[in-house]
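What follows is a single structure, written as structure tokens, with notes after it.
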Amino acid sequence: MAKIIGGLGTSHVPSIGVALDKGLTETPDWKPFFSGYDEGKRWVKEARPDVAVVIFNDHGNSFFLDRVPTFAVGVADRYNPADEGWGPRNIPPFEGATDLAWHLVDLMVERHFDPLVCREIDVDHGFQVPMELFFGRPETWPVKVIPIWVNTIQFPIPTPQRCWELGIVLRNAIESFPGDDRVVIMGTGGLSHQLQGTRAGYINREADLAWLEGIANDPERYRQMSREDYVEMFGSEGAELIMWLVMRAALQPKVDLVHKHYHAPASMTGAGMVILENAA
Ligand code: DHB
Ligand code: FE
């Protein structure tokens, strides 16, 4: 059967993509951020995943506010980078892991999740940036992908508990899929940030640092929080962190925190990452 080889969590700020496009990774502003991912790239190279399942949110690029699915799954052969207003970025398209994606969709429906199923759709920075941070800028991506969209854009967003349940279905789907694919799960978004309203610019460093430990060793705490708790603790856009719960629930109850990194601010965001492996 297919195997989950680890979980990655990371922020997905669009200006990270711009910094990569402009060759700014070694500048004093950006180096403290990008250097945190050296270990991520090394881990991925050693772990040799065949498939990356990327849990992220669209930002009004592939879905607009007139129709927002709570959960969507891609079953396409190929995903192009979305045009976010300044033209699609010059990175390779992503090849879909279609058979596993359909298997996942089938199990989700069986378990009463009823996702929107996408045969043709582009992926925005929420997907692109995490892929670049861990896989660099290859000519073609070394993994096939399954995008999972979670609505964190427009209330009502799903509950942390529901995201957790989705992670369990994801784990069961992978572990019941014939073959020997090595699968990495990537939860994206966060950490604390708020881009709007009177609290625009809000960053909660203390809560972010606690999150990077807690998502590994005490995820129960974050599963039990309400959506409003997330907004209060992490900011309105920091509530993107509920997507890391999908990744965490797909792993075993006990995990090893292989690596973590934090740098704030990156753009308006407390930027963090973790590498998790199931404990032996
Ligand atoms: C920023 C962060 C995000 O998560 C996002 O989707 C857009 C912008 C930012 O900090 O600039
Ligand atoms: Fe975002």
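No experiment lies behind these values; they were computed from the predicted model shown. Counting starts at 1 for both ligands and their atoms, in listed order.
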Intermediate values then yes/no, ring pair (Phe, Tyr, Trp, His ring centres under 6.0 Å), W149 and F71: CA-CA 6 Å; W149 289 262; F71 294 109; over 10 Å; no
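Taking the side chain as every heavy atom from C-beta outward, M108 and H103 never approach each other to under 4.5 Å. Taking 4.5 Å as the limit, some side-chain heavy atom of L170 sits within range of a side-chain heavy atom of I55.
With respect to atom 10 (O) of ligand 1, the closest heavy atom belonging to the protein is T269 OG1, 2.5 Å.
Among the backbone and side-chain atoms of E240, an N/O/S atom is found under 2.8 Å from the Fe ion (ligand 2). At a cut-off of 2.8 Å, H125 is not counted among the residues with an N, O or S atom near the Fe ion (ligand 2).
Heavy-atom proximity to E240, at under 4.0 Å, picks out these atoms of ligand 1: 4 (O), 6 (O). Near H193, with a cut-off below 4.0 Å to any heavy atom, the atoms of ligand 1 are 2 (C), 3 (C), 4 (O).
Under a cut-off of 6.0 angstrom, the local environment of CZ in F155 is crowded, with over 12 non-hydrogen atoms contributed by other residues, nucleotides or ligands.
For ligand 1, the polar-atom distance check finds an N/O of M268 within less than 3.5 Å of one of the ligand's N/O atoms.
As for H59, its N/O/S atom nearest the Fe ion (ligand 2) is the one called NE2.
By the 30° and 60° cut-offs, the orientation of the rings of W211 relative to W244 is perpendicular.
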